[in-house]
Amino acid sequence: MTVDSVTIALVGSGGAGAMTAGQMLLDAAANVGWYGLMSRSTGPQIRGGEAAALVRLSPTPVHGPGDRFDIIIAFDWQNVERFAAELPLSDKSVIITDPSQGEVPAVLAASGARQMELPIKELAGRIPGGRVNMVGLGAVAAVIGLPRAGIDAVIQKALGKKGEAAIQASNAGIDAGAKEAAGWNLGLELAAPSKQDGAVRWNISGNEAAGLGALKGGVKFCAAYPITPATEILEWLAPNLAKTGGKLVQAEDELASIAMCLGASFSGVPSITATAGPGLSLMTECIGLGVASETPVVIVDVQRGGPSTGIPTKSEQSDLNIAVYGLHGDAPHLVVGPTSIGDCLFTTQWAVHLAEALQTVAIVLSDQAMGQSRAIVDKPADAPYKANRLLAADLGGESKYLRYANTESGISPAAIPGMPGGEHTADGLEHAENALPSSQASDHQKQLDKRLRKLTSYDYGDAWADIEGEGEIAVVTWGSATGPSREAVRRLEAAGTKARLVAIRLISPVQPAKLAAALDGVTKVLVVEQTHGAQFHKFLRGHYDLPGEVSVFSRPGPLPIRAREVHETLLSLI
């Protein structure tokens, strides 16, 4: 007997190697053709403390976390109570525990999960240079039927530079753990991967995908200040921007970051910054400057638990309100949200294209659950979206250049500094069409209308949302809540009830006609989101006419939304 999905938690205090073992497990699964997802749970401290690698593997694409953990393997039990709520178990689960580390904590043992003893520390101690995480990796591999060839390639790649002794010690640890677990027969062997000749898969994080999307979109400059959980975007962009002739600057803070990006963009260079909620708060005045001066810039906000410093290492979708409404004055701008780890590439690339085409600010709302998680995904299709700003031409004549000409589309040809004939005043004051500051009511009205019109009249095509399925019941969601919602809808359909999924990618400007068409014939709507105050539901209520009976599944982080919960909520609506 085999299973179609297995969810594994590798837990231990900082330094035990849980994250390394989880990463190796995911990499090995990719080598043998499985799909997978690895998220992580850590505390707010810089070093030490609790840590867990949370891995789900399957022969088919993985859309979100599992309903419960099939396996928990603990290298030690230090501080596990801090994130025990993130480790749902049942009496069908298995806890692999080292007897030398004490009893299984009561909060986990109460689940009724089977307990299997594995002398991890003792086995590692018998091996010169042995590591407990390699022993644990070997045991998990044996339980789920992971072919050794997949692990061998990972060990060679990860430890090749450390020398043969390190490779031998790791292999010995894996062998020891696998031998100890070989006879357990726990019924958790994963089904063989489906054969896909020539299929290309990527092992990528959401933050890496966002960085790649920025490059594909044409970004040449990044200025940012490190902040959890967005820092990996900067780390990925630093060497890769340089390869394309671009530049990255680590600024002294978020205010400097967004100002530098506006300066680079004003000079004609497509620019991006990356931050989290606290940084976005600091950027709001300069975001308004970008809107008023019609200077394009992209901001990737990898959301985390808030408010204030909040929970830096946990995920939430609670920056929605500030992203949409957080600017003073009437300042229409773009807000988009990727629907998966792989989609962070497309959505960021699209955001670069839109910001440049519409000469405005685009905020990309990712989150920790996508940004810092890794997934094995099919290679995303190439998208045609590139930075393409409408530039002024033929400025040498007698006509005075109008930087903010009130065009039918609302998009005015931009002049790059140094362009003959393109001289104009550039500041944050309201202005007339010729860019000179103006407090006239007519100029203010004209420019407000213009800045709104260019966003609302633009054709965003089909990329505004992912729409799947049919039926009278629909799930409307966004961001990282899309994966569990998609899986829940498919479970409902497998049981004979048709349902729809509408995952909105273009949050602002709103698309009422398109959503109305997507929900035509729907009598029941379930809104799914990860916030405490149901921000997305209230946003939808404020801008859309949702049909029929509307229900909400909403909760804050750090607990992830799981497909089982959405499915059970859908069943209650039938």
**Q** What's the shortest heavy-atom distance between Ala51 and Ala18, and which atoms?
**A**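 Closest pair (atom of Ala51, atom of Ala18, distance): O-CB, 4.5 Å.
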
**Q** Can you measure from CG (Asn406) to OH (Tyr404) and round to the nearest 0.5 angstrom?
**A** 13.5 Å

**Q** Assign the ring pair Tyr544 / Phe539 to parallel, tilted or perpendicular, where the plane angle (0 to 90°) is split at 30° and 60°.
**A**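 Ring orientation, 0 to 90° scale: perpendicular.
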
**Q** Taking 4.0 angstrom as the limit, do Arg374 and Glu208 come out as a salt bridge?
**A**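 Looking at Arg374 and Glu208, the cut-off is met.
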
**Q** On a heavy-atom basis, which atom in Leu429 and which in Pro437 lie closest, and how many Å separate them?
**A**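 Here Leu429 and Pro437 meet closest at CD1-CB, 3.8 Å.
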
**Q** Please check if atom OH in Tyr225 has more than 12 non-hydrogen atoms from other residues, nucleotides or ligands closer than 6.0 Å.
**A**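 Result for OH/Tyr225: open.
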
**Q** Does any non-hydrogen side-chain atom of Ser438 lie less than 4.5 Å from one of His431?
**A**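 Contact flag for His431/Ser438 side chains = no.
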
**Q** As an exercise, state the distance from OG of Ser257 to CD1 of Ile227, rounded to the nearest 0.5 Å.
**A** 10.0 Å

**Q** Hey, are the side chains of Thr295 and Leu289 touching, using non-hydrogen atoms and a 4.5 Å cut-off?
**A**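 SC-SC contact between Thr295 and Leu289 ruled out.
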
**Q** Under 30°, 30 to 60°, or over 60°: which ring-plane class applies to His424 and Tyr401, parallel, tilted or perpendicular?
**A**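 His424 vs Tyr401 ring planes: perpendicular.
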
**Q** Could you walk me through whether Arg562 and Glu86 pass the salt bridge (charged side-chain N to carboxylate O under 4.0 Å, His left out) test, one step at a time?
**A** CA-CA 11 Å; Arg562 301 182 186 276; Glu86 300 172 49; over 6 Å; no

**Q** Side chain of Ser366, backbone of Val302: donor and acceptor closer than 3.5 Å?
**A**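 Side chain of Ser366 to backbone of Val302: no pair is present.
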
**Q** Given side chains that start at C-beta, do those of Val298 and Val364 come closer than 4.5 Å, heavy atoms only?
**A** yes

**Q** With distance as the sole test, does Arg453 use its side chain to make a donor-acceptor pair with the main-chain N or O of Thr407 at under 3.5 Å?
**A**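 At least one qualifying donor-acceptor pair exists.
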
**Q** Do Ser442 and Gln440 pass the side-chain hydrogen bond (donor to acceptor under 3.5 Å, both in side chains) test, and can you show the C-alpha distance, the side-chain angles, and the key distance before you say yes or no?
**A** CA-CA 5 Å; Ser442 58; Gln440 296 293 317; 5.0 Å; no

**Q** So that I can tick it off, tell me whether Glu433 and Lys446 are bridged by a salt bridge, with the cut-off set at under 4.0 angstrom between side-chain N and carboxylate O.
**A**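 Salt bridge: yes.
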
**Q** Can you tell me how far the CG atom of Asp319 sits from the CD1 atom of Ile363, to the nearest 0.5 Å?
**A** 9.5 Å

**Q** Using side-chain heavy atoms (C-beta onward) and a distance below 4.5 Å, is Thr7 in contact with Pro65?
**A**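 When only atoms from C-beta onward are counted, Pro65 and Thr7 do not touch, as no gap falls below 4.5 Å.
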
**Q** Does atom CD (Glu252) have a neighbourhood of more than 12 heavy atoms from anything else shown, all under 6.0 Å?
**A**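 Count over threshold, so yes.
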
**Q** May I ask you to decide whether Asp343 forms a salt bridge with Arg505, counting only side-chain N to carboxylate O separations under 4.0 Å?
**A**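 Salt bridge present between Asp343 and Arg505.
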
**Q** Within the 4.5 Å heavy-atom criterion, are Leu501 and Thr477 side-chain neighbours or not?
**A**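 Leu501 reaches Thr477 side chain to side chain.
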
**Q** Starting from the C-alpha separation in whole Å, work towards a yes-or-no answer on side-chain hydrogen bond (donor to acceptor under 3.5 Å, both in side chains) for Gln23 and Asp27.
**A** CA-CA 6 Å; Gln23 182 63 66; Asp27 292 345; 2.8 Å; yes

**Q** Does any donor atom in the side chain of Glu232 or Asn207 lie under 3.5 Å from an acceptor atom in the other side chain?
**A** yes

**Q** Between Ser508 (side chain) and Val510 (backbone), is there a donor-acceptor pair under 3.5 Å?
**A**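 A pair under 3.5 Å: no.
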
**Q** Nearest 0.5 Å please: distance from the CG atom of Asp427 over to the OG atom of Ser293.
**A**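 It is 9.0 Å, given to the nearest 0.5 Å.
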
**Q** With the side chain counted from C-beta on, respond yes when Leu26 and Leu57 share a heavy-atom pair under 4.5 Å apart, and no when they do not.
**A**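 A side-chain contact under 4.5 Å exists here.
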
**Q** Going through the distances and angles, do Val476 and Phe536 end up as a side-chain contact (heavy atoms from CB on, under 4.5 Å)?
**A** CA-CA 10 Å; Val476 180; Phe536 186 59; 4.2 Å; yes

**Q** For Pro558 and Ile311, which heavy atoms make the closest approach, and how far apart are they?
**A** CD-CD1, 4.4 Å

**Q** Taking all non-hydrogen atoms of both residues into account, name the closest pair between Ala264 and Ser271 and its distance.
**A** CB-OG, 3.4 Å

**Q** Are any non-hydrogen side-chain atoms of Trp202 and Leu212 less than 4.5 angstrom apart?
**A**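 Answer yes - side chains close enough.
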
**Q** Are more than 12 heavy atoms, taken from residues, nucleotides or ligands other than Lys386, located less than 6.0 Å from that residue's NZ atom?
**A** yes

**Q** Given side-chain hydrogen bond (donor to acceptor under 3.5 Å, both in side chains), test Thr309 with Arg304 step by step and report yes or no.
**A** CA-CA 9 Å; Thr309 310; Arg304 66 194 210 184; 5.1 Å; no

**Q** Does the Arg403 side chain pair with the main chain of Leu436, one donor and one acceptor, at a distance under 3.5 Å?
**A**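 Here the side-chain-to-backbone pair does not exist.
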
**Q** Any sub-3.5 Å donor-acceptor pair from Glu316's side-chain atoms to Gly557's backbone N or O?
**A**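 Between the backbone of Gly557 and the side chain of Glu316 there is a qualifying donor-acceptor contact (under 3.5 Å).
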
**Q** Specify whether Tyr460 and Tyr458 have parallel, tilted or perpendicular ring planes, treating 30° as the upper limit for parallel and 60° as the lower limit for perpendicular.
**A**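 Aromatic pair Tyr460/Tyr458 classed perpendicular.
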
**Q** Run the salt-bridge test on Asp462 and Lys514 with the 4.0 Å N-O cut-off and return the result as yes or no.
**A** no

**Q** Less than 4.0 Å between a side-chain N and a carboxylate O, is that true for Glu430 and Arg451?
**A** yes

**Q** Report the C-alpha distance between Ser315 and Gln530 in whole Å, list the side-chain angles of each, state the deciding distance to 0.1 Å, and finish with yes or no for side-chain contact (heavy atoms from CB on, under 4.5 Å).
**A** CA-CA 8 Å; Ser315 196; Gln530 193 181 31; 4.0 Å; yes

**Q** Are the side chain of Lys538 and the backbone N or O of Gly533 linked by a donor-acceptor pair below 3.5 Å?
**A** yes

**Q** Let's go through Phe553 and Val475 carefully: what are the C-alpha distance in whole Å and the side-chain angles of both, what is the deciding distance for side-chain contact (heavy atoms from CB on, under 4.5 Å) to 0.1 Å, and is it a yes or a no?
**A** CA-CA 10 Å; Phe553 181 91; Val475 176; over 6 Å; no

**Q** For the residue pair Asp449 and Gln445, confirm or rule out a side-chain donor-acceptor distance under 3.5 Å.
**A**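 Side chains of Asp449 and Gln445: pair found under 3.5 Å.
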
**Q** With sequence neighbours left out, what residues match Ala474 under side-chain contact (heavy atoms from CB on, under 4.5 Å)?
**A**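 Result, side-chain contact (heavy atoms from CB on, under 4.5 Å) vs Ala474: Arg500, Leu519, Val522.
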
**Q** For the residue pair Ser267 and Ile416, what are the closest heavy atoms and their distance?
**A** O-CG2, 3.2 Å

**Q** Is there a donor-acceptor pair under 3.5 Å between the side chain of Gln372 and the backbone N or O of Met370?
**A** no

**Q** Ser265 side chain to Cys261 main-chain N or O, any donor-acceptor pair under 3.5 Å?
**A** no

**Q** Quick one: does Gln317's side chain have a donor or acceptor within less than 3.5 Å of a partner on Asp367's backbone?
**A**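 No, Gln317 side chain to Asp367 backbone: no donor-acceptor pair under 3.5 Å.
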
**Q** Quick check: do Arg40 and Leu54 have side-chain heavy atoms less than 4.5 Å from each other?
**A**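 SC-SC contact between Arg40 and Leu54 ruled out.
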
**Q** Give the C-alpha distance, both sets of side-chain angles, the deciding distance and a yes or no for side-chain contact (heavy atoms from CB on, under 4.5 Å) between Glu468 and Arg486.
**A** CA-CA 9 Å; Glu468 303 169 8; Arg486 175 179 287 116; 2.9 Å; yes

**Q** For the residue pair Ala323 and His333, what are the closest heavy atoms and their distance?
**A** O-NE2, 2.7 Å

**Q** What residue pairs, at least two apart or across chains, pass salt bridge (Lys or Arg N to Asp or Glu O under 4.0 Å) with a residue in residues 274-301?
**A** Glu294-Lys450, Glu294-Lys454

**Q** Whether the Thr42 and Arg82 side chains hold a donor-acceptor pair (N or O, under 3.5 Å, no angle test) is what I'd like checked.
**A** no

**Q** Check whether the side chains of Arg56 and Tyr35 place a donor and an acceptor atom closer than 3.5 Å, and report yes or no.
**A**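 Per modelled atom types, Arg56 and Tyr35 side chains form no pair under 3.5 Å.
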
**Q** Any donor-acceptor pair under 3.5 Å linking the side-chain atoms of Glu529 with those of Thr531?
**A** yes

**Q** Among residues at least two apart in sequence or on other chains, which ones pass side-chain contact (heavy atoms from CB on, under 4.5 Å) with Thr244?
**A**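 By the side-chain contact (heavy atoms from CB on, under 4.5 Å) rule, Thr244 matches Leu215, Lys220, Leu241.
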
